[in-house]
Structures are given as structure tokens and as C-alpha cells.
Amino acid sequence: MHFHNNYHFYPCPDDPKRVHDVSRADFDNGEPEAATHDRYVTGTHSGRIQCRVTSESPIFVGGLRTSGAPAHASHFQRDGNPAIPASSLRGLISSLGEAASNSSLRVLLDEDYSFRRVVDPKFKETLSAIGMVRRMGDSFTLYPLALPTLTCNLDGFATLPPEYQPLFPLPLLRVYVGKKHEISDRLFPFRTNNNWENLDWHFMNLQSRAWLPGFRLADDEYQHRKPASRQFLLAQLPIDGNFTPRRRVENPEAAKGKTSGVLRVLGCWGNRSDTMPSTKKHELFLPFPPPKGWPKVPIPQSVVDQFHSLCDERSDASFDRFQRDRKKNPLFPFEPMDTRTERYKVAEGDKEAARIAARIRIQHGDLVYFKPNANGTQIDEISFSSIWRGKVKGTTYSFFPQAVLPFRGNPDNKVEDKPNLTPGDLLFGFVEDLGEKPETRATPRQGLALASRVRLSDATLDLGASGIAPIRLPAVILKVQDSPKLPCPAFYFKPRTIPLGGYIAKRDLNPGNHVAQGYKAYLHHRTVELTNAPWKTGSPGDNLEQKAEIDPVRAGAVFTFDVEFKNLSPYELGLLLYVLRPTSEFRHKIGLGKALGLGTIRMDIERVQLVNRPTRYTAEGYFLPRYGAEYDAAEADKLRQDFRKEMNADLRAAIEMIGNPACLLQPVKPPLVAGQPEEKETFRFFVINDGSGRQFLAPIRAAKPLPSLSQPQP
């Protein structure tokens with residue numbers, strides 16, 4: 001089955017020669033003259049546009065939201081009736097205006113991205129060596145404690161890879177402790193050693209070993225190799241067959257001559273049980289302390305920072321669900337149980353403080369998986385699990401053209417990262433991002449800013465024009481609005497040199513070869529799909545903490561609002577008229593549930609009225625109406641068409657196809673496997689796609705049909 005993904009993108013053409021841009025220096029010197037609020041400028045347009053909004057699908061723009069499962073959201077209201085707030089209309093119009101004029105994305109966070117690595121030997125992405133982190137002043141080092149998984153030759157010998165050879169003068173092997181059903185029980189008797197001032201030593205009866213020349217290790221009866229082929233050396237077996245570590249303080253005589261060690265227990269019970277990988281079957285005993293003179297390997301600060309960044313991303317993504325139901329929803333990433341009790345303390349009345357407290361920072365004594373650099377002189381990566389996340393090269397900004405990044409200056413008055421202001425900045429307002437805290441600037445200065453020259457009113461309900469009763473549909477619980485998390489390269493990015501697009505694997509994503517698709521926008525649903533209320537959950541009893549209950553406004557409701565504008569050039573007024581109604585077929589999306597089929601509206605321009613300010617301040621003008629002139633439909637349309645002719649052809653095609661329901665050739669759906677319920681295991685499409693599917697969201701191009709995808713078979 002073919003389908004249109006429920007969102008697509010307006011492209012961001014890399015056009016550094018835009019004729020309507022203004023340099024920072026010119027703006028600082030008062031250009032353009034019209035970009036001001038302290039006077040009315042001759043030769044510009046000021047006035048009001050009266051608009052009508054008609055809902056063509058049910059819509060819901062929320063006001064108050066109550067906690068609960070599900071949460072109940074109520075409409076934004078004016079005079080007791082549903083209304084559309086000016087802030088929502090402004091966001092809709094300004095974001096489309098930015099896209100249409102290929103302007104700066106004024107709200108764009110510069111974020112790091114990560115991806116989950118795969119268990120595939122050809123990519124060598126798993127971490128298997130284990131070490132102990134030691135703080136040395138302001139820096140960290142690592143004691144290597146357990147060998148990585150070793151590949152064994154046909155003759156039975158295992159060879160340590162060259163990068164690990166400086167780290168392991170002796171072949172230290174871990175021991176697997178516990179069975180799957182035991183480590184999933186809260187009563188499992190072991191925990192990770194975390195009190196390094198008073199260490200709880202354990203011991204086991206283990207075989208001593210030494211390397212043969214060339215860091216080779218012969219097979220022996222106490223090695224734990226992967227069954228059948230014995231191709232991989234994983235761990236070791238106790239000599240006496242006793243897999244239960246014993247405490248040295250309780251058995252001092254029995255501990256003599258035995259191997260001391262520490263325990264690393266991740267903890268697989270409680271709210272972790274449902275999300276713990278099924279491959280997790282054991283906890284670990286690690287020989288410790290290492291012999292005197294054992295290597296201590298530096299962990300560069302950049303490695304620590306990357307570890308923190310990846311942890312923060314996972315922690316922040318899981319925090320809201322954890323706050324809603326702490327017994328059911330875990331915090332990610334999983335650290336060894338009971339080593340970070342402060343993560344789980346909720347700061348009373350300060351959600352942001354609790355969010356920050358839930359983040360992980362590396363600490364003295366942490367037992368981590370690691371990978372060294374090529375010559376074993378420093379650590380290149382650390383993690384709390386063998387299947388960790390990889391960091392994408394570059395951040396959000398590095399995948400977009402410089403010309404569309406938010407306006408940024410340099411706090412020290414040096415060369416700016418982005419020196420030009422774009423039409424969207426000048427029309428809808430901007431605040432310069434100096435990128436530094438004021439106290440760190442060598443020569444502090446105030447950033448530039450401009451308030452919007454466009455103001456909108458709330459859109460209020462016109463009951464007489466609506467002609468429907470009741471105005472609201474019965475209350476309904478929405479589906480969970482799942483969407484693939486960034487980076488999702490097959491959808492959100494495209495190859496830099498392939499206009500038709502192409503599949504991009506997560507591990508391959510980098511700003512040298514790939515660019516962002518652009519401005520995200522939701523497609524409308526066809527009328528035939530709306531009859532089945534695609535926003536309504538089919539599982540009203542499941543995952544209620546992620547759902548909301550609403551009572552949408554029916555299709556056919558009519559709202560009215562005004563747009564006031566000041567000192568606009570013909571180009572700017574044409575841009576404003578275009579984004580209000582790009583074409584007669586264009587429909588906007590607004591409010592909650594846009595991905596599910598809610599929020600389709602038609603916006604009509606009723607009147608374009610003008611203010612003649614010089615006349616207003618004469619004696620004669622005192623008695624004249626405020627809006628003394630008016631554009632007829634043909635004059636307004638000419639301004640709109642003049643702007644439209646200047647647009648990039650592919651950009652114009654994307655905007656007008658995404659907004660035109662008649663361009664839909666297939667159903668609009670989220671990406672699912674054939675026969676799969678929409679609210680169950682929504683990751684399955686991407687698992688198949690990253691394996692054999694390799695589909696991608698092709699860029700929209702002029703004179704070509706709207707791209708579609710196909711549902712893979714399970």
C-alpha cells in the first residue's frame with residue numbers, strides 16, 4: 001500500500017544573494033528606513049487586513065490543560081466561545097512567511113543528534129571492554145578491568161586487538177553472575193560497589209592467566225566462550241563452579257588465595273523491566289584491584305562532554321513520561337542501580353530543576369564500557385552499556401545553509417556568524433543572538449532587535465456565519481502523536497549532491513555530505529479519510545498518560561480576525577498577502593492533532609484597508625475614517641502575484657502542494673508496517689527501513705507529483 005507521510009518539508013535553497021536582505025551594518029545605520037515603529041514612512045503601506053477562517057476539518061486550539069490520565073484540554077475561548085489565539089495565528093503566518101521568502105528560521109535550536117548503534121560485527125559498534133573511572137583533580141583517567149570480547153582463531157587462540165594491548169598487561173576476564181530470572185528480581189542480592197571509601201570487597205576462585213607472545217591466549221576449560229563454535233571469548237568460569245561472589249569481610253579465611261573483585265549490577269527490575277533488552281541475562285564480577293603498575297589511561301574532556309551530551313539527550317527525552325508515572329516509566333539512560341539516587345528526587349514546584357537533577361554526570365568509581373584510540377594512549381569513548389548511542393557529526397546549524405540560520409552576532413564586535421537580516425526578520429521581528437553570557441564578553445554590547453511590524457488579533461467565532469450546532473463535537477481521546485525522533489536521516493535529511501534525494505543511514509549522517517530537508521509542514525487528510533475520525537484512539541485504555549481528551553470544533557465553523565501592518569514595502573505586503581492565502585486551493589493547518597487529520601482551515605482575505613498617515617494628521621483628516629482607502633481584490637492579488645513570481649520554483653511548488661488537498665494521490669498516514677495498528681510499535685517501519693527497506697522522503701519538486709512511500713510487509 002502506498003501512502004503520503006503525514007509531514008513533509010519546504011526546502012531551504014542556499015541563495016546567499018537574496019536582493020531583499022539587509023546587512024547588519026546597514027540596519028545599525030537606520031536602513032531600511034521603513035523598519036521602524038517611531039514614525040510612518042512615505043512610500044510604504046500601513047493598514048489592516050480583515051480575514052475569515054473556516055474550519056474544513058474539526059479543529060482544536062487549546063487553552064487550559066488539566067493533569068490526569070488522559071489529560072483534559074479545553075479550548076482557548078473568547079466570550080465563552082471557542083476562539084483561535086493571536087499567538088497561534090502569528091506562529092502559522094510567520095513560519096510560512098519565513099519559508100516563502102527563504103528567510104532565517106528565527107526559532108531553530110542548535111542541537112546535538114545521536115543514534116542507537118546496531119549489534120553487527122561489520123560495523124564494530126559495540127563496546128565490550130570495562131574499566132573504572134578515577135578522578136584526578138579536574139580530569140579523569142580509567143583503570144582497564146576486563147578485556148573486550150575476543151575473536152578466536154580456528155586453532156583456538158584468541159588475540160587481543162593492537163589498540164588494547166598497552167592497556168592489559170595480563171588477560172583479565174569478567175565473570176557472569178546470576179541468571180535472567182534472578183537479575184530481574186528486586187531481591188537480587190548484589191548491587192554495584194559505589195562506596196569507594198569503604199569498599200565492599202567480594203572474591204571468587206578464578207584461574208590466573210598470562211599472555212603468550214603476540215598477546216595470544218590459549219583455550220582452557222575455565223574460559224567462557226560462545227557455545228558451539230567457541231569463536232568468541234566472552235568471560236571466565238570459576239574453578240570451583242561457584243558463581244556466587246562471597247563477601248571477603250564475612251569469609252576472611254576462605255578469601256585467601258582467591259581473586260578479589262567488585263560487582264557491576266545494572267538492575268533489571270521495577271520500571272526498567274519492560275524496556276531492558278532481552279539479551280541482558282547476567283550481571284558482572286570484575287577482578288579488582290589490578291596489580292601494581294597497572295595502566296591508567298586518560299579520558300579527554302571531549303570524551304566526557306560527549307558522554308554527558310548523549311546522556312542528557314536521553315534523560316531529557318524520558319523525563320516528562322517519568323514525571324507523569326514514576327512507577328511505570330523509567331529514566332534513560334540506565335545507570336548501574338543505586339549509584340545515582342539523586343536522579344530520582346523530584347524538586348518540589350521546580351520542574352526544570354528536577355529535569356537538570358535527572359541528568360547524569362560521570363563520577364569517581366563509575367564502572368563503564370570503553371573504547372581506546374588506535375594506539376591505546378587515551379580513551380575515545382565511554383558508556384554505561386555495550387550497545388550505546390553514537391553521536392552524529394555536527395549539530396543542527398551545520399546541516400542548514402548559513403543564509404537561513406537565526407540572526408547571530410558576535411559579542412566582541414568581530415565578524416558576525418550571520419551578518420544579514422532577511423525579509424522574515426524585518427517583517428515579523430527578531431532578537432539578535434549574541435551566543436554568550438554578558439559577563440564573558442570582552443567588549444559587551446547590546447544585541448540588535450526589532451518588534452514585528454505585523455500585529456494580529458484573536459480569531460473570534462462568528463456564530464451566525466457558522467450555521468452549525470452544536471459548535472463542538474463530543475469529547476474524544478486522541479491517538480498518541482508519535483513521530484520518529486531526530487535525526488531520522490531518511491526523512492529529515494537529503495544527500496547534498498543528489499536532487500532526487502536518497503536513503504541515509506544514521507551512522508553515515510554528516511554535514512559534509514547531507515543537508516536538512518527544510519521547514520517541516522503537515523499534510524492535510526483527504527475528505528474520505530476524515531469521515532473515519534483518524535485522530536480518535538482505537539485503544540482508549542492504553543497509555544493514557546500520553547493522551548489527551550478534547551472536544552474539537554466542527555468543520556464549518558467561521559472565525560474572523562484582523563492583521564494590522566505598518567510601513568511595509570510592496571514586496572513585504574505581497575509576502576504577507578501570499579502567506580495568508582498563497583493560492584485559492586491552499587489550506588492552512590492549525591492547532592492540536594495536525595498529524596492526525598485535525599486543523600485544516602481555509603483562510604480568506606475579506607478586505608485590505610489602508611491608513612494615510614499624513615492626511616490623518618491634518619485638520620481635514622481629523623474627521624475622516626481611520627482607514628481612508630482600500631485595495632480592491634485585483635490590486636491585492638497583483639501584490640501577491642508579484643511576490644509569488646520572485647519565489648524559488650521548487651520552494652513555491654512545495655508550499656503550494658503541501659497546502660493543497662487536491663495534490664494528495666494516496667492516503668495520508670504515519671509510516672507503518674502493512675497490517676500494523678497505528679498505535680502499536682510504531683518503530684517497526686524504521687527497523688525494517690534501516691535494514692532492507694531503505695525508503696526515503698523524496699524532496700518535493702516543481703511539476704512532479706507529491707512523493708509517497710510504501711508500507712513494507714512484516
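These figures come from a predicted structure and were not determined experimentally.
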Chemist: If I compare all heavy atoms of Ser383 with all of Leu127, which pair ends up nearest, and what's the gap?
Modeler: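 Ser383 and Leu127 have their closest heavy atoms at OG-CD1, 3.5 Å.
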Chemist: Does a salt bridge link Lys328 with Asp274, judged by any charged N lying under 4.0 Å from a carboxylate O?
Modeler: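 Salt bridge: no.
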Chemist: Between CD of Gln517 and CG of Leu697, what distance do you get to the nearest 0.5 Å?
Modeler: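 Between Gln517 CD and Leu697 CG, I get 5.5 Å after rounding to 0.5 Å.
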Chemist: Between the side chain of Lys351 and the main-chain N/O of Gln323, is any donor-acceptor distance below 3.5 Å?
Modeler: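 No, Lys351 side chain to Gln323 backbone: no donor-acceptor pair under 3.5 Å.
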Chemist: Does any N or O in the side chain of Asn510 come within less than 3.5 Å of the main-chain N or O of Asp508, such that one atom is a donor and the other an acceptor?
Modeler: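 It does hold such a pair.
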Chemist: Could you walk me through whether Arg359 and Asp316 satisfy the salt bridge (charged side-chain N to carboxylate O under 4.0 Å, His left out) test, starting with their C-alpha distance in whole Å, then the side-chain angles of each, then the deciding distance to 0.1 Å, before giving a yes or no?
Modeler: CA-CA 8 Å; Arg359 295 172 179 170; Asp316 290 351; 2.9 Å; yes
Chemist: Is it the case that over 12 heavy atoms from other parts of the model lie below 6.0 angstrom from the NZ atom of Lys296?
Modeler: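 At most 12 heavy atoms, drawn from other residues, nucleotides or ligands, come within 6.0 Å of this atom.
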Chemist: State, to 0.1 Å, how close Gly214 and Thr159 come at their nearest heavy-atom pair, and which atoms those are.
Modeler: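 Looks like O-CG2, 3.8 Å.
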Chemist: Answer yes if the ring centres of Trp211 and Phe168 are under 6.0 angstrom apart, and no otherwise.
Modeler: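 Distance test on ring centres: not under 6.0 Å, no.
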Chemist: Is there a donor-acceptor pair closer than 3.5 Å between any side-chain N or O of Ser184 and the backbone N or O of Lys180?
Modeler: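 Such a contact is found between Ser184 side chain and Lys180 backbone.
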Chemist: Can you check whether Phe399 and Phe493 have ring centres sitting under 6.0 Å from each other?
Modeler: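 Phe399 vs Phe493: aromatic centres under 6.0 Å.
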Chemist: For a side chain to side chain contact (heavy atoms under 4.5 Å, CB included) check, start with the C-alpha distance between Phe307 and Ile360, then their side-chain angles and the critical distance, and finish with the verdict.
Modeler: CA-CA 9 Å; Phe307 173 77; Ile360 287 175; 4.2 Å; yes
Chemist: State plainly whether the residues Arg355 and Asp312 are in salt-bridge range, i.e. N to O under 4.0 Å.
Modeler: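 The answer is no: the pair does not qualify as a salt bridge.
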Chemist: Of all the heavy-atom pairs spanning Glu283 and Cys268, show the shortest one and how long it is.
Modeler: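 Shortest heavy-atom contact: OE2-SG, 4.0 Å.
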Chemist: Report the distance from atom CG of Leu509 to atom CD1 of Ile504, rounding to the nearest 0.5 Å.
Modeler: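 Nearest 0.5 Å value for the CG-CD1 distance: 6.0 Å.
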Chemist: Is the backbone N or O of Val262 less than 3.5 Å from a side-chain atom of Asn193, with the two atoms forming a donor-acceptor pair by type?
Modeler: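 A pair under 3.5 Å: no.
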Chemist: Can you measure from CG (Leu266) to CZ (Phe334) and round to the nearest 0.5 angstrom?
Modeler: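 With rounding to 0.5 Å, CG (Leu266) is 7.5 Å from CZ (Phe334).
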Chemist: Which heavy atom of Tyr113 sits nearest to which heavy atom of Thr396, and what is that distance?
Modeler: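 Answer, listing the atom of Tyr113 first, then Thr396: OH-OG1, 2.8 Å.
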Chemist: Backbone N or O of Ile362 within a donor-acceptor pair of the His308 side chain at under 3.5 Å?
Modeler: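 Yes, because the side chain of His308 sits within donor-acceptor range (under 3.5 Å) of the backbone of Ile362.
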Chemist: Would you indicate whether the side-chain heavy atoms of Asp380 and Gln378 approach each other to under 4.5 Å?
Modeler: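 They are in side-chain contact.
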Chemist: Atom CD in Glu335, atom OG1 in Thr192: separation rounded to 0.5 Å?
Modeler: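 The CD atom of Glu335 sits 9.5 Å away from the OG1 atom of Thr192.
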Chemist: Between the side chains of Asn689 and Tyr503, does any donor sit under 3.5 Å from an acceptor?
Modeler: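 Absent: no donor and acceptor within the cut-off.
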Chemist: Quick check on the 6.0 Å ring-centre criterion: do Tyr176 and His224 meet it?
Modeler: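 Close enough - the centres of the two rings lie under 6.0 Å apart.
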Chemist: Please report the C-alpha distance between Leu105 and Leu405 in whole Å, then the side-chain angles of each, then the deciding distance to 0.1 Å, and finally whether the side chain to side chain contact (heavy atoms under 4.5 Å, CB included) criterion is met.
Modeler: CA-CA 6 Å; Leu105 291 89; Leu405 295 179; over 6 Å; no
Chemist: I'd like to know if the side chain of Lys520 pairs up with that of Tyr492 as donor and acceptor (distance under 3.5 Å, no hydrogens or angles considered).
Modeler: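 Side chains of Lys520 and Tyr492: pair found under 3.5 Å.
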Chemist: State plainly whether the residues Asp338 and Arg191 are in salt-bridge range, i.e. N to O under 4.0 Å.
Modeler: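 Answer for the salt bridge query: yes.
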Chemist: Check whether Asn271 reaches the backbone of Arg326 with its side chain - one donor and one acceptor, N or O, closer than 3.5 Å.
Modeler: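 Indeed, once roles are kept as given, a pair shorter than 3.5 Å links the two residues.
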Chemist: If every non-hydrogen atom of Gly376 is compared with every non-hydrogen atom of Pro166, which pair is closest and at what distance?
Modeler: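 Scanning both residues completely, I find the closest heavy atoms to be O-CB, 4.2 Å.
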Chemist: Taking the six-membered ring for Trp, are Phe190 and Phe188 parallel (under 30°), tilted (30 to 60°) or perpendicular (over 60°)?
Modeler: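 If you compare the ring of Phe190 with that of Phe188, the planes turn out perpendicular.
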Chemist: Determine yes or no for a side-chain-to-main-chain donor-acceptor pair under 3.5 angstrom, with His364 supplying the side chain and Arg135 the backbone.
Modeler: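 Yes, His364 side chain to Arg135 backbone: donor-acceptor pair under 3.5 Å.
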Chemist: Any cation-pi pair here, Arg314 with Phe332, using under 6.0 Å and within 45°?
Modeler: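 Positive - Arg314 is close enough to the ring of Phe332 and near enough to its axis.
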Chemist: Got Tyr164 and Pro162 here, is their nearest side-chain heavy-atom distance under 4.5 Å?
Modeler: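 Not in contact.
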Chemist: List the steps and the verdict of side chain to side chain contact (heavy atoms under 4.5 Å, CB included) for Arg134 and Tyr143.
Modeler: CA-CA 7 Å; Arg134 312 293 289 174; Tyr143 274 132; 3.7 Å; yes
Chemist: If we ignore angles and hydrogens, is there a donor and acceptor under 3.5 Å between the side chains of Asn373 and Asn375?
Modeler: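 On atom types as modelled, these side chains qualify, holding a pair under 3.5 Å.
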Chemist: Can any side-chain N or O of Asp366 pair as donor or acceptor with the backbone N or O of Val368 at less than 3.5 Å?
Modeler: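 Side chain of Asp366 to backbone of Val368: no pair is present.
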Chemist: Determine whether Ile379 and Lys371 satisfy the following criterion, side chain to side chain contact (heavy atoms under 4.5 Å, CB included), listing intermediate values before the conclusion.
Modeler: CA-CA 6 Å; Ile379 302 302; Lys371 181 179 73 175; over 6 Å; no
Chemist: Where the side chain of Arg247 meets the backbone of Val249, is there a donor-acceptor pair that is under 3.5 Å apart?
Modeler: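 Pair absent, no side-chain N/O of Arg247 close to backbone of Val249.
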Chemist: State, to 0.1 Å, how close Ala210 and Leu217 come at their nearest heavy-atom pair, and which atoms those are.
Modeler: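 That would be O-CD1, 3.8 Å.
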Chemist: Do Asp110 and Thr395 have side-chain atoms, one donor and one acceptor, less than 3.5 Å apart?
Modeler: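 Their side chains do contain a donor-acceptor pair, which is all the 3.5 Å distance test asks for.
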Chemist: Mind checking the CG-CD spacing from Asn251 to Glu253? Nearest 0.5 Å is all I need.
Modeler: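 Rounded to the nearest 0.5 Å, the CG-CD separation comes out at 10.0 Å.
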Chemist: Can Arg209 and Gln236 be counted as having a side-chain donor-acceptor contact under 3.5 angstrom?
Modeler: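 Yes, a side-chain donor-acceptor pair sits under 3.5 Å.
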Chemist: Kindly compute the distance separating CZ (Arg248) from OG (Ser260), expressed to the nearest 0.5 Å.
Modeler: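 If I round to the nearest 0.5 Å, the distance is 4.5 Å.
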Chemist: Is a salt bridge present between Arg216 and Asp155, judged by a nitrogen-to-oxygen distance below 4.0 Å?
Modeler: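 Counted as a salt bridge, because a side-chain N and a carboxylate O are separated by less than 4.0 Å.
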Chemist: If we count only N and O atoms by modelled type, under 3.5 Å, do the side chains of Gln223 and Asp220 hold a donor and an acceptor together?
Modeler: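 Yes, Asp220 and Gln223 have a side-chain donor paired with an acceptor closer than 3.5 Å.
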Chemist: Can any side-chain N or O of Asn329 pair as donor or acceptor with the backbone N or O of Arg321 at less than 3.5 Å?
Modeler: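 Between the backbone of Arg321 and the side chain of Asn329 there is a qualifying donor-acceptor contact (under 3.5 Å).
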